[in-house]
Amino acid sequence: QLAAQIGVVFGQRSQLWWDLPLRDSFPVLAAMYRRPESAWRPRLEALTRGLQLDEFLDTPVRQLSLGQRMRGEVAAALLHEPELIILDEPTIGLDMISKEHLRAFLNEERRERGTTLFLTTHDMSDVQRLCDGMGLIHEGRVRFVGAPHELVAQTGAADLDEAFVAAVH
């Protein structure tokens with residue numbers, strides 16, 4: 001029951017089937033979460049539109065670019081409509097356009113469905129664009145918990161990147 005409430009995207013560990021077309025992974029994932037076709041098929045159509053998957057649904061996962069694969073991974077993680085999605089470095093290696101598109105989609109998902117995003121990232125742009133709150137851990141110690149703007153104010157930094165550096169030193 002708990003697993004059905006969580007979606008996960010780890011860049012190095014795919015939940016997609018490497019040799020199959022992207023489209024073929026979704027029915028298997030839906031079956032794993034015991035989602036009836038009447039529930040997962042419309043959700044997949046919405047994810048396909050929102051993440052712009054149409055052009056490569058029939059491409060084997062191994063042939064997808066990193067940005068395409070990440071969008072497919074996000075769709076897979078959200079297919080069963082979890083309350084929480086854990087994203088490990090969700091925009092690492094993506095070009096600027098792909099990053100912004102993914103961030104916009106995730107923000108829309110948050111607004112429309114109330115999905116909670118939990119990010120592990122070094123990219124302060126992801127934090128600024130996606131997070132209301134943050135925790136900063138450095139060398140195994142919690143250094144800060146609060147809103148990104150509070151870290152900037154607390155450190156007297158000009159921006160979040162500078163505040164991050166100040167907080168860990």
Item checked: Among Asp132, Thr115, Thr116, side chain to side chain donor-acceptor pair (under 3.5 Å) partner for Arg110 ->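 Checked Asp132, Thr115, Thr116 against Arg110; only one passes side chain to side chain donor-acceptor pair (under 3.5 Å): Asp132.
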
Heavy-atom closest contact ([X] atom, [Y] atom, distance):
{"X": "Ala75", "Y": "Leu53", "answer": "CB-CD1, 3.7 Å"}
{"X": "Ala147", "Y": "Met134", "answer": "C-CG, 4.4 Å"}
{"X": "Thr155", "Y": "Ala167", "answer": "CG2-N, 4.3 Å"}

Note to self: Between Glu81 and Tyr33, is the side-chain contact (heavy atoms from CB on, under 4.5 Å) condition met? List the steps.
What the structure shows: CA-CA 10 Å; Glu81 303 180 72; Tyr33 287 102; over 6 Å; no

Connected via hydrophobic side-chain network under 4.5 Å: [X] and [Y]:
{"X": "Met32", "Y": "Leu20", "value": "yes"}
{"X": "Leu160", "Y": "Val145", "value": "no"}
{"X": "Ile137", "Y": "Phe118", "value": "no"}
{"X": "Leu130", "Y": "Phe164", "value": "no"}
{"X": "Ile85", "Y": "Leu51", "value": "yes"}

Below 4.5 Å, heavy atoms only, C-beta onward: do [X] and [Y] meet side chain to side chain?
{"X": "Arg23", "Y": "Asp58", "result": "yes"}
{"X": "Asp159", "Y": "Val152", "result": "no"}
{"X": "Phe56", "Y": "Gln63", "result": "no"}
{"X": "Leu78", "Y": "Arg43", "result": "yes"}
{"X": "Ile92", "Y": "Asp123", "result": "no"}
{"X": "Leu22", "Y": "Gln68", "result": "no"}
{"X": "Leu106", "Y": "Val74", "result": "yes"}

Rounded to the nearest 0.5 Å, how far does [atom2] of [Y] lie from [atom1] of [X]?
{"X": "Leu102", "Y": "Ile97", "atom1": "CG", "atom2": "CD1", "result": "13.5 Å"}
{"X": "His169", "Y": "Arg143", "atom1": "NE2", "atom2": "CZ", "result": "9.5 Å"}
{"X": "Arg71", "Y": "Leu64", "atom1": "CZ", "atom2": "CG", "result": "9.5 Å"}

Note to self: Please evaluate residues Leu79 and Arg35 with respect to the criterion side-chain contact (heavy atoms from CB on, under 4.5 Å), reporting the C-alpha separation (whole Å), side-chain torsions for both, the decisive distance (0.1 Å), and the verdict.
What the structure shows: CA-CA 9 Å; Leu79 183 66; Arg35 301 289 291 169; over 6 Å; no

Margin query: Quick one, Ser14 with Glu73, criterion side-chain hydrogen bond (donor to acceptor under 3.5 Å, both in side chains). Give me CA distance, side-chain angles, the key distance, then yes/no.
Written below: CA-CA 7 Å; Ser14 182; Glu73 293 284 353; 2.3 Å; yes

Check: Hey, mind stepping through Leu119 and Val127 against side-chain contact (heavy atoms from CB on, under 4.5 Å) and telling me if it holds?
Finding: CA-CA 8 Å; Leu119 278 72; Val127 174; 5.6 Å; no

Note to self: Could you walk me through whether Asp88 and Thr120 satisfy the side-chain hydrogen bond (donor to acceptor under 3.5 Å, both in side chains) test, starting with their C-alpha distance in whole Å, then the side-chain angles of each, then the deciding distance to 0.1 Å, before giving a yes or no?
What the structure shows: CA-CA 5 Å; Asp88 180 34; Thr120 60; 2.5 Å; yes

Next item on the list: List the steps and the verdict of side-chain contact (heavy atoms from CB on, under 4.5 Å) for Asp126 and Arg103.
Entry: CA-CA 7 Å; Asp126 284 349; Arg103 290 170 181 152; 2.6 Å; yes

Check: Are Arg13 and Glu89 close enough for a salt bridge, meaning some N to O gap below 4.0 Å?
Finding: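 Answer for the salt bridge query: no.
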
